[in-house]
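Here the structure comes first, spelled out in structure tokens, and everything after it is commentary.
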Amino acid sequence: MARSEASPADGHSREACPLSAFVNIVAGKWAIPILYRLIVTDGPIRFRELQRAAHPITQKELTKQLRLLETRGLATRTVHAEVPPRVEYEATPIARELIGALEGLADWVRTHRESLAPGPARLM
């Protein structure tokens with residue numbers, strides 16, 4: 001359901017669900033774990049460090065997700081003119097505002113992971 005069923009008299013507007021917009025912004029299996037890692041690192045992180053932290057993500061998928069996060073204004077990419085080139089990624093200030101929400105989700109999973117029905121992939 002794209003729109004709220006509540007009437008304006010209930011104090012809810014008929015605008016599209018903001019969580020649907022959030023899911024569209026951070027779409028992809030790896031987007032939230034990568035974004036979370038960028039935020040909690042609290043500074044620049046190199047590609048390989050990020051790949052190790054998000055194991056078992058592939059290099060191709062990490063590159064794709066980082067480009068999407070950069071395009072959406074949630075991550076910055078800095079290339080240092082060195083040999084070999086050093087590339088670092090960092091959460092933007094707007095992305096850092098998500099820390100409370102992401103910590104809340106992480107806490108919820110830690111609390112409930114044992115009671116959740118198992119899916120095709122093992123939870124954390």
Side-chain angles (χ1 to χ4, degrees):
M1 160 177 20
R3 301 230 175 242
S4 170
E5 294 297 321
S7 69
D10 292 339
H12 299 283
S13 69
R14 293 199 179 266
E15 70 176 291
C17 176
L19 292 180
S20 295
F22 175 76
V23 169
N24 287 332
I25 291 167
V26 291
K29 173 183 176 179
W30 293 102
I32 291 176
I34 292 166
L35 185 58
Y36 181 73
R37 179 58 53 192
L38 287 171
I39 293 168
V40 299
T41 300
D42 197 29
I45 184 171
R46 295 182 73 169
F47 184 90
R48 291 285 178 223
E49 293 174 73
L50 196 51
Q51 188 175 19
R52 280 192 294 273
H55 180 75
I57 192 170
T58 64
Q59 181 175 338
K60 180 179 176 180
E61 185 63 24
L62 180 56
T63 300
K64 175 183 161 187
Q65 290 299 318
L66 285 168
R67 285 183 182 152
L68 284 172
L69 291 172
E70 186 179 7
T71 299
R72 293 176 174 142
L74 297 172
T76 59
R77 177 178 185 262
T78 304
V79 180
H80 298 275
E82 301 173 356
V83 179
R86 180 170 47 108
V87 180
E88 295 178 323
Y89 295 88
E90 190 169 2
T92 62
I94 195 169
R96 291 184 190 288
E97 292 179 24
L98 290 168
I99 190 62
L102 295 178
E103 285 288 354
L105 288 171
D107 289 344
W108 182 85
V109 170
R110 287 183 199 107
T111 300
H112 299 290
R113 103 178 60 175
E114 297 301 322
S115 62
L116 296 170
R122 188 171 172 219
L123 294 174
M124 297 167 54

### Message
Ignoring hydrogens, what is the shortest heavy-atom contact between G43 and E90? Give both atom names and the distance.
### Response
CA-OE2, 3.6 Å

### Query
Between R52 and H55, is any pair of side-chain heavy atoms under 4.5 Å apart?
no

#### Entry: Shortest non-hydrogen contact from Y36 toward A106
OH-CB, 4.4 Å

### Spatial distance of atom CG (L69) from atom NZ (K64) [nearest 0.5 Å]
11.5 Å

#### Entry: F22 side chain reached by I32 side chain, heavy atoms, under 4.5 Å
yes

### Query
So do the side chains of L74 and L38 get within less than 4.5 Å of each other, counting heavy atoms only?
no

### Query
Is it true that L105 and I94 fall in one hydrophobic cluster, defined by side-chain heavy atoms closer than 4.5 Å?
yes

### E88 to P44 - nearest heavy-atom pair and separation
OE1-CB, 3.6 Å

#### Entry: Atom pair CD (Q51) and CD1 (I45), whose distance is rounded to the nearest 0.5 Å
11.0 Å

### Message
Return the CD1 to CD1 distance between I34 and I39, rounded to the nearest 0.5 Å.
### Response
12.0 Å

### From R86 atom CZ to R48 atom CZ, the distance as rounded to the nearest 0.5 Å
15.5 Å

### Contact summary for R72 and I25, nearest pair of heavy atoms
NH1-O, 2.8 Å

### Message
For a side chain to side chain contact (heavy atoms under 4.5 Å, CB included) check, start with the C-alpha distance between R96 and D42, then their side-chain angles and the critical distance, and finish with the verdict.
### Response
CA-CA 9 Å; R96 291 184 190 288; D42 197 29; 3.5 Å; yes

### Over all atoms of both residues, closest heavy-atom pair of Q65 and G28
NE2-CA, 4.1 Å

### Query
CD of E114: more than 12 outside heavy atoms within 6.0 angstrom?
no

### Query
Are V87 and L68 connected in the hydrophobic side-chain network, where two residues link if heavy atoms are under 4.5 Å apart?
no

#### Entry: From CG (L116) to CH2 (W108), nearest 0.5 Å
4.5 Å

### Task
Rounded to the nearest 0.5 Å, what's the gap from CZ on R67 to CG on L62? Could you check?
10.5 Å

### Task
Over all heavy atoms of both residues, which pair between V79 and R77 is shortest? Give the atoms and the distance, please.
CG2-NH1, 3.5 Å

